[in-house]
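Here is the structure we will look at.
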Amino acid sequence: MWIAIALLLSAATLLSMVRLLLGPSILDRSISLDVLLACAIAGIGAYGAYHREASVLPILLVLALLGFVGSVSVSRFVAKQEKSAPPEPLEDVEDR
């Protein structure tokens, strides 16, 4: 079972790395970093469960907090950028 978990997490990490490198926008890259962090959390959690170690719980807590703060920070940054961008011109619409 440990091998199956490692293979699935490796596949998810690889696909997330592809999205990180090819993502056209900052939001795509942010989501891929969240997925990478979730894969790390799942891997560390699986390791802790398999070896019955409770010492990994603080690491999991810090990683989860880091992911949350990072996601909120990027979303606020993008929201501020969208507010400061000039509005796009409206298309001509025929009167009805």
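Every heavy atom of this structure was used, including side-chain atoms; hydrogens, water molecules and symmetry mates were not.
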Practice problem: For the residue pair I5 and M1, establish whether any side-chain heavy-atom pair is separated by less than 4.5 Å. | Solution: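 Yes, close enough: below the 4.5 Å cut-off.
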
Quiz item: So, the side chain of S32 versus the backbone of M17: is there a donor-acceptor pair under 3.5 Å, distance only?
Solution: no

Quiz prompt | Polar side-chain atom of S73 near backbone of V69 as donor-acceptor pair, under 3.5 Å | solution = yes

Please report the closest heavy-atom contact between [X] and [Y], naming both atoms and the distance.
{"X": "C39", "Y": "T13", "value": "CB-OG1, 3.6 Å"}
{"X": "A42", "Y": "L9", "value": "CB-CD2, 3.9 Å"}
{"X": "D28", "Y": "G23", "value": "CB-CA, 4.0 Å"}
{"X": "R19", "Y": "P24", "value": "NH1-CD, 3.6 Å"}
{"X": "D34", "Y": "S71", "value": "OD2-OG, 2.7 Å"}

For the hydrophobic clusters of this structure (ILVMFWY residues joined by side-chain heavy atoms under 4.5 Å, transitively), does one cluster hold both [X] and [Y]?
{"X": "W2", "Y": "I41", "result": "yes"}
{"X": "I59", "Y": "L37", "result": "yes"}
{"X": "L61", "Y": "V56", "result": "no"}
{"X": "V35", "Y": "L14", "result": "no"}
{"X": "L63", "Y": "L57", "result": "yes"}

[X] side, atom [atom1]; [Y] side, atom [atom2] - distance, nearest 0.5 Å:
{"X": "S16", "Y": "I31", "atom1": "OG", "atom2": "CD1", "answer": "10.0 Å"}
{"X": "F77", "Y": "L27", "atom1": "CZ", "atom2": "CG", "answer": "10.5 Å"}
{"X": "K80", "Y": "S75", "atom1": "NZ", "atom2": "OG", "answer": "11.0 Å"}

Self-check item: Greater than 12 external heavy atoms within 6.0 Å of I3's CD1
Solution: no

